[in-house]
Amino acid sequence: MSLPRRVVLVVGATGQTGVQVARCLAQESLHCSRGSITFQEPDCVLFLVRSFEKGETKLQGLLNGSSGAGQPGQSQCFLLHCADVSDPACLREAFDQAAKIAGGHPVSHVVNTLGTTDRNDSPERSILTATQNLMKESIRVGVKRFVHCGVAYVTRPEAMVAKVLNCMAKNIIGYHAMAEDVIRSAAQ
């Protein structure tokens, strides 16, 4: 029996955490078996980026067409453009384009590594609104697994580190906490 095609979308793939997640998904062979559960590497990994140029630079060597990419045991890897994940229409277009790149198969797994991009970025828009839109699109296309990479101290807002970060970065930890609530609500 063949398993359904696994199409993984990494959101925030050029960020600090996203690059590490992208490398692991693209290069690691995940074949193993535990009891009746079989794990298998993705067939196709799509890296959602705002800029193709930045994506090609940060994800060098992972993309199909790169030397060393597409070797046996590695997934097919492509860049997917979305100028703004906080824009529902732009994100919907990206999910639809993802299915075309993956041979008509919809995204089955999403890894969310969203964060703010610079000091002028609004955490409300780049984390909370973007995560809300991402959850809506994931539900629309029938994503089976949604993995959210949050931040430390979300569950400990009274910790000194959290207070300092929130003061310096426009309540960034608070917005990550609200994004996690959005995900939990959508999962029910």
Side-chain angles (χ1 to χ4, degrees), residues 1-34 36-66 68-115 130-150 179 182-184 186-187:
M1 176 174 94
S2 71
L3 294 171
R5 189 159 163 88
R6 293 172 182 254
V7 180
V8 178
L9 178 66
V10 180
V11 182
T14 59
Q16 189 174 7
T17 303
V19 167
Q20 299 306 316
V21 169
R23 292 199 181 288
C24 287
L25 282 170
Q27 296 176 335
E28 295 291 322
S29 180
L30 302 175
H31 288 291
C32 66
S33 199
R34 291 189 190 147
S36 63
I37 301 172
T38 301
F39 299 94
Q40 197 174 22
E41 75 223 17
D43 298 296
C44 181
V45 182
L46 302 166
F47 307 121
L48 196 66
V49 297
R50 277 186 270 188
S51 158
F52 282 124
E53 184 178 310
K54 185 176 180 181
E56 288 169 353
T57 301
K58 291 252 188 166
L59 302 168
Q60 189 173 10
L62 301 182
L63 305 171
N64 280 41
S66 301
Q71 300 297 319
Q74 286 188 346
S75 305
Q76 293 180 318
C77 299
F78 302 96
L79 293 178
L80 178 63
H81 183 255
C82 181
D84 185 1
V85 290
S86 66
D87 176 355
C90 188
L91 193 57
R92 182 181 196 94
E93 184 179 319
F95 267 76
D96 291 344
Q97 185 64 30
K100 290 177 186 170
I101 293 171
H105 298 276
V107 172
S108 59
H109 297 68
V110 171
V111 181
N112 180 14
T113 64
L114 286 172
T131 299
Q132 289 168 332
N133 292 338
L134 197 53
M135 285 306 303
K136 288 175 188 169
E137 276 306 298
S138 294
I139 291 166
R140 180 182 73 89
V141 301
V143 166
K144 293 173 181 33
R145 181 166 292 140
F146 187 95
V147 178
H148 177 73
C149 299
V182 165
I183 294 164
R184 278 190 282 279

With heavy-atom distances below 4.5 Å as the criterion, would you say the side chains of H109 and V147 are in contact?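 H109 vs V147: side chains apart.
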4.5 Å side-chain heavy-atom contact, E56 and L79: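 They are in side-chain contact.
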Salt bridge (Lys or Arg N to Asp or Glu O under 4.0 Å) partners of residues 77-89, not counting sequence neighbours, each pair once: D84-R125
Approximate separation, where rounding is to 0.5 Å, of [X] [atom1] and [Y] [atom2]:
| X | Y | atom1 | atom2 | value |
| --- | --- | --- | --- | --- |
| L91 | L48 | CG | CG | 7.0 Å |
| E137 | D96 | CD | CG | 7.0 Å |
| L25 | C44 | CG | SG | 11.5 Å |
| L134 | F95 | CG | CZ | 5.0 Å |
| T14 | R50 | OG1 | CZ | 7.0 Å |
| R23 | L62 | CZ | CG | 4.5 Å |

With Q132 via side chain to side chain donor-acceptor pair (under 3.5 Å) - residues at least two apart: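 In terms of side chain to side chain donor-acceptor pair (under 3.5 Å), with neighbours along the sequence ignored, Q132 is linked to no residue.
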Side chain to side chain contact (heavy atoms under 4.5 Å, CB included) evaluation trace for V7 with I101: CA-CA 10 Å; V7 180; I101 293 171; over 6 Å; no
If you compare all heavy atoms of [X] against all heavy atoms of [Y], which two are closest, and at what distance to 0.1 Å?
| X | Y | result |
| --- | --- | --- |
| C90 | C82 | SG-SG, 3.5 Å |
| I139 | A186 | CD1-CB, 4.0 Å |
| T113 | G12 | OG1-O, 3.0 Å |
| A130 | L114 | CB-CD1, 3.5 Å |
| V111 | C149 | CG1-SG, 4.1 Å |
| S51 | H81 | N-CD2, 4.4 Å |

Please check if the side chain of S108 supplies one atom and the backbone of V143 the other of a donor-acceptor pair under 3.5 Å. no
Evaluation steps, side chain to side chain contact (heavy atoms under 4.5 Å, CB included), between L80 and Q97: CA-CA 8 Å; L80 178 63; Q97 185 64 30; 3.6 Å; yes
